[in-house]
Number of protein chains: 2
Amino acid sequence: MSPRRSDSRDRMLVGASELLREYGAGATSIDRVLARTGAPRGSVYHHFPGGRAQLIEEAVTRSGDLMAKRIDAVMAAEDPLEAVDSFFAVWRERLVESGYRIGCPVAAVAAETNDEAPQLARSAAAAFARWQETLAAHFCRHGLPEARGTRLASLVIAALEGAVIMCRAERTTAPLDAAATELRELLTHAFRDR
Amino acid sequence: MSPRRSDSRDRMLVGASELLREYGAGATSIDRVLARTGAPRGSVYHHFPGGRAQLIEEAVTRSGDLMAKRIDAVMAAEDPLEAVDSFFAVWRERLVESGYRIGCPVAAVAAETNDEAPQLARSAAAAFARWQETLAAHFCRHGLPEARGTRLASLVIAALEGAVIMCRAERTTAPLDAAATELRELLTHAFRDR
DNA sequence: GTCTATACGAAGATAGAC
DNA sequence: GTCTATCTTCGTATAGAC
């Protein structure tokens with residue numbers, strides 16, 4: 001019996017996610033995933049008949065799901081302002097600890113999208129949409145009108161993704177810190193006026 | 001005498017910028033730049049002794065400079081709120097007209113940064129920094145305290161870049177529109193309280 | 001599920017002629 | 001400044017054995 005749902009398959013997905021966030025989609029080759037994970041060459045197309053595209057697509061979906069769960073957990077536990085702050089804090093830590101090597105795997109794929117692999121764009125879009133909806137639902141639960149909650153959730157994600165990219169290039173947390181400060185201001189007003 | 005500062009050199013830089021914004025850094029190969037521009041193969045390393053990395057680096061710098069000039073021009077002509085709105089409007093148009101194919105060349109490079117080519121990250125960082133400083137200067141000129149202007153400028157750029165990435169993946173302008181609306185709200189407060 | 005071998009193409013870079 | 005090889009490396013994908 002196979003090690004339930006295959007060990008090397010999962011390892012490849014994890015490895016692909018890591019490569020995506022560290023080096024981007026273009027650099028996430030099958031070879032590098034194998035080198036990093038030690039997964040067996042011979043079973044790549046057994047687990048991923050769709051080849052590289054399928055591997056990356058599934059890695060993106062997996063990363064997106066994990067992040068969505070984290071968003072849900074944090075938003076359920078804390079008040080919305082604290083929760084948003086803690087997202088930014090987590091990313092700040094992640095960036096510094098990795099020497100600014102780690103970014104967002106979903107954004108990496110979305111930024112390199114081309115027409116030849118529309119599935120990749122779709123999996124990234126699905127992740128973004130799910131994060132946005134999760135965040136919006138919590139905002140609305142705390143009293144924001146639906147349209148406002150939707151817009152603010154979208155902005156938070158966009159600002160976070162954009163700031164992470166800037167931080168990596170500039171090797172500073174300044175963009176992330178600026179975004180966190182100003183978004184807190186905006187959210188404070190939004191929830192006060194509700 | 002050479003066509004002042006070489007014609008094919010410039011064409012290659014333009015072509016590289018286009019490929020960057022449409023397909024990302026990984027897909028911006030010398031071959032594709034040549035195919036797109038019709039520039040002569042034999043002179044690549046004559047114009048760009050540093051090879052592909054130098055070509056992309058200069059393309060990013062060039063794109064960054066162009067955008068900085070546009071920011072400066074718009075901010076000088078309009079009041080800051082209108083100006084920010086018009087940036088988002090320009091991007092919205094660009095996305096729709098291109099069928100969501102066109103993104104930001106600077107962000108594309110920044111998102112695919114790896115340790116092997118630190119010059120690329122640096123040129124992207126320089127572009128981001130220049131945009132941010134330009135925007136901040138205008139914000140402060142209109143009355144914002146320096147720290148606030150700096151933060152807001154940074155947020156505007158981060159939100160714009162993040163939203164563009166999301167729009168391309170989702171094939172909607174919704175993220176861009178949401179960001180524009182909420183940033184206008186935030187900026188309105190900031191300039192009113194000044 | 002995993003192994004080895006291999007076909008095939010794309011890409012970066014260099015050499016030397018013109 | 002430009003041209004034509006050519007070397008080399010890497011990456012995808014497939015075939016067929018175990």
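Below, chain A is the first sequence line, B the second, and so on; all start at residue 1.
- The separation between B:Arg52 atom CZ and C:dT14 atom C1' is 18 Å, rounded to whole Å.
- Scanning residues 19-41 of chain A for heavy-atom distances under 4.0 Å to DNA chain C yields A:Pro40, A:Arg41.
- In this structure, A:Phe48 places its CZ atom 17 Å from C1' of D:dG11, rounding to the nearest Å.
- Scanning for ring-ring contact (aromatic ring centres under 6.0 Å, His included) contacts around B:Tyr100 gives an empty result, with sequence neighbours left out.
- Not counting sequence neighbours, the partners of B:Thr61 by the side chain to side chain contact (heavy atoms under 4.5 Å, CB included) test are B:Asp65, B:Ser123.
- Under the rule for a side-chain hydrogen bond (donor to acceptor under 3.5 Å, both in side chains), B:Glu170 has no partner lying at least two apart in sequence or in another chain.
- Proximity of A:His47 to the phosphate of C:dT2: a side-chain N or O atom is located under 4.0 Å from OP1 or OP2.
- Within the structure, the side chain to side chain donor-acceptor pair (under 3.5 Å) test picks out the following pairs touching residues 20-40 of chain B (sequence neighbours left out): B:Glu18-B:Arg36, B:Glu22-B:Arg36, B:Asp31-B:Arg41.
- Remark: B:Ser8 is not in phosphate contact with D:dG1, judged by side-chain N or O atoms under 4.0 Å from OP1 or OP2.
- Side-chain proximity of A:His46 to the nucleotides C:dG12, C:dG1, D:dT2 is greatest for C:dG1.
- Summarising the geometry, the separation between CD on A:Glu116 and P on D:dT12 is reported as 14 Å, rounded to the nearest angstrom.
- No more than 12 heavy-atom neighbours from other residues, nucleotides or ligands sit within 6.0 angstrom of CD on A:Glu146.
- The residue among B:Gly42 and B:Tyr45 whose nearest nucleotide of DNA chain C lies closer to the 5′ end is B:Tyr45.
- Here A:His142 pairs with nothing under the ring-ring contact (aromatic ring centres under 6.0 Å, His included) rule; sequence neighbours left out.
- Considering only side-chain N and O atoms, A:Ser43 lies nowhere under 4.0 angstrom from the phosphate OP1 or OP2 of C:dG1.
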